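For reference, the structure is listed below as structure tokens.
In this chain, residues are counted from 1 in sequence order. Quick caveat: nothing in here was measured; it's all calculated off a predicted structure.
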Amino acid sequence: MFIQAITLFPEMFASITEYGVTGRAYQQKIWQFAAINPRRFADNKLGYIDDRPFGGGVGMVMMAEPLLKSIDFAKQNISGSLKKTRVIYLSPQGVSLTHQKTVELSQLDNLILLCGRYEGVDERVLQSSVDEEISIGDFVVSGGELPAMILMDAVLRFVPNVLGEITSAEQDSFAGGLLDYPHYTRPAEFQGMTVPEVLTSGNHALIAEWRLKQSLRRTLMRRPDLLEKRDLLPQEIRLLAEIRAESNG
Ligand SMILES: Nc1nonc1C(=O)N1CCN(Cc2ccccn2)CC1
């Protein structure tokens, strides 16, 4: 997968190209990245790429021309077909980034991520050149770079060979539509707190059932909305009945 970010702060993306599983996969050329700074396409010597909003109001708006030229430049960087390419603008006005959306995006060959700053970008950029607006949540951060890196990290987990063969994105909690179960490691007792006995029993069937029950309990308590959307398996129905009986007990 080739990901390009159109951003005023290219250096920020070292966080994802130089660290962790995404950094290792980048070094191994399992995925490729390029940052494009729209200042290079400014039509003035000072590199201005923002201007005051028509209609007045606070703040500045990113001008259309440098962004459109940046998007065109990114498209020229793509060798071969543009068929599996998507231009995405990160903004609070977008559709929510979900597990399903990350799986969908991971099937593409090229992503061009437009990272806005200030009060946003000229609407004509969105109308003419952006395929999809995506939001990482109902809150506002300083710019599109961190949302872009969150999207990249979540999508790259589904790109083959990014995660070592040991871990797999399919086992991530949201992959199964439930919240994750509790995790423990040594020592077996820490500040008087012990590890659930089943986890040291060596009985893998019991351990799997305990973990599923814990995931169901957490999901029921913290995100019951996820359960409403889910087609429950017979074992899950049984375990949920046990959980409800225990909490009423
Ligand atoms: N939440 C989010 N999920 O994706 N991006 C965000 C996010 O908060 N931001 C901060 C503001 N930026 C600039 C901006 C301001 C106003 C309208 C449109 N764009 C975009 C990125």
Side-chain angles (χ1 to χ4, degrees), residues 1-41 67-91 94-117 121 125-126 129-137 141-177 180:
M1 176 174 276
F2 180 29
I3 304 178
Q4 298 182 79
I6 296 170
T7 172
L8 295 172
F9 302 107
E11 297 82 2
M12 287 182 71
F13 287 82
S15 300
I16 195 157
T17 58
E18 295 179 21
Y19 300 91
V21 289
T22 55
R24 184 169 57 245
Y26 176 72
Q27 296 305 327
Q28 294 167 352
K29 302 196 184 329
I30 292 168
W31 65 286
Q32 296 78 38
F33 177 74
I36 300 165
N37 191 329
R39 287 202 196 286
R40 66 185 286 177
F41 297 110
L67 296 177
L68 291 178
K69 286 181 176 175
S70 300
I71 292 170
D72 288 344
F73 181 79
K75 287 179 176 176
Q76 286 156 26
N77 280 345
I78 292 166
S79 56
S81 156
L82 285 175
K83 264 210 322 270
K84 294 177 78 176
T85 296
R86 197 169 300 179
V87 180
I88 294 169
Y89 180 54
L90 287 303
S91 100
V95 298
S96 294
L97 182 65
T98 62
H99 163 76
Q100 202 45 51
K101 178 59 74 177
T102 61
V103 173
E104 174 195 329
L105 296 176
S106 71
Q107 319 289 323
L108 298 170
D109 293 333
N110 304 288
L111 295 181
I112 299 172
L113 305 178
L114 179 55
C115 303
R117 285 267 158 177
V121 304
V125 176
L126 306 182
S129 306
V130 168
D131 300 313
E132 187 171 26
E133 272 187 82
I134 295 180
S135 171
I136 61 163
V141 292
S142 311
E145 286 80 9
L146 289 175
M149 283 186 267
I150 286 169
L151 180 148
M152 289 167 66
D153 193 294
V155 169
L156 286 167
R157 294 176 68 78
F158 289 97
V159 171
N161 303 317
V162 167
L163 295 182
E165 65 286 347
I166 312 293
T167 47
S168 106
E170 277 67 38
Q171 282 154 22
D172 286 351
S173 58
F174 271 85
D180 205 3

To the nearest 0.5 Å, what is the distance between CG on N37 and OG1 on T7?
7.0 Å

For L97 and T102, run side chain to side chain contact (heavy atoms under 4.5 Å, CB included): C-alpha distance rounded to whole Å, both residues' side-chain angles, the deciding distance at 0.1 Å, then the answer.
CA-CA 7 Å; L97 182 65; T102 61; 3.7 Å; yes

With rounding to the nearest 0.5 angstrom, report the CD1 to CE distance, I3 to M149.
12.0 Å

Over all heavy atoms of both residues, which pair between I71 and S129 is shortest? Give the atoms and the distance, please.
CD1-CB, 3.8 Å

Using modelled atom types and a 3.5 Å cut-off, is there a donor and acceptor pairing between side-chain atoms of D131 and backbone atoms of V87?
yes

Please step through side chain to side chain contact (heavy atoms under 4.5 Å, CB included) for the pair I36 and F41, ending with a clear verdict.
CA-CA 10 Å; I36 300 165; F41 297 110; 3.9 Å; yes

Quick one: list whatever passes salt bridge (charged side-chain N to carboxylate O under 4.0 Å, His left out) with R117, sequence neighbours left out.
E145

Which distance, rounded to the nearest 0.5 Å, do you find between the CD1 of I88 and the CD1 of I6?
11.5 Å

Using the side-chain hydrogen bond (donor to acceptor under 3.5 Å, both in side chains) rule, collect all pairs that involve residues 72-82, keeping only residues at least two apart or in two chains.
Q4-N77

Could you work out, with ring pair (Phe, Tyr, Trp, His ring centres under 6.0 Å) as the rule, every residue matching F2, not counting sequence neighbours?
none

Under the side chain to side chain donor-acceptor pair (under 3.5 Å) test, residues paired with Q100 that sit two or more places apart
none

Please round to the nearest 0.5 Å and tell me the distance separating atom CD1 of I150 and atom CD1 of I136.
3.5 Å

Side chain to side chain contact (heavy atoms under 4.5 Å, CB included) partners for E133, two or more places apart:
Y89, S91, Q93, L126

Donor-acceptor contacts, no H, no angles, side chain residues 9-25, under 3.5 Å, sequence neighbours left out:
residue: S15; atom: OG; partner: M12; partner atom: O; Å: 3.2
residue: T17; atom: OG1; partner: F13; partner atom: O; Å: 3.2
residue: T22; atom: OG1; partner: I16; partner atom: O; Å: 2.7
residue: T22; atom: OG1; partner: Y19; partner atom: O; Å: 3.3

Hey, mind stepping through V155 and M1 against side chain to side chain contact (heavy atoms under 4.5 Å, CB included) and telling me if it holds?
CA-CA 10 Å; V155 169; M1 176 174 276; 4.0 Å; yes

Take the angle between the ring planes of F33 and Y26 and call it parallel below 30°, perpendicular above 60°, tilted in between.
perpendicular

What distance do L111 atom CG and I78 atom CD1 have between them, rounded to the nearest 0.5 Å?
9.0 Å

List the atom of A148, the atom of C115, and the distance in Å for their closest heavy-atom pair.
CB-SG, 3.7 Å

Heavy-atom nearest pair, L8 first then P38, reads CD2-CG, 3.8 Å

How many angstroms lie between NE2 in H99 and CZ in R157, if you round to the nearest 0.5 Å?
11.0 Å

Given side chains that start at C-beta, do those of D109 and T85 come closer than 4.5 Å, heavy atoms only?
no

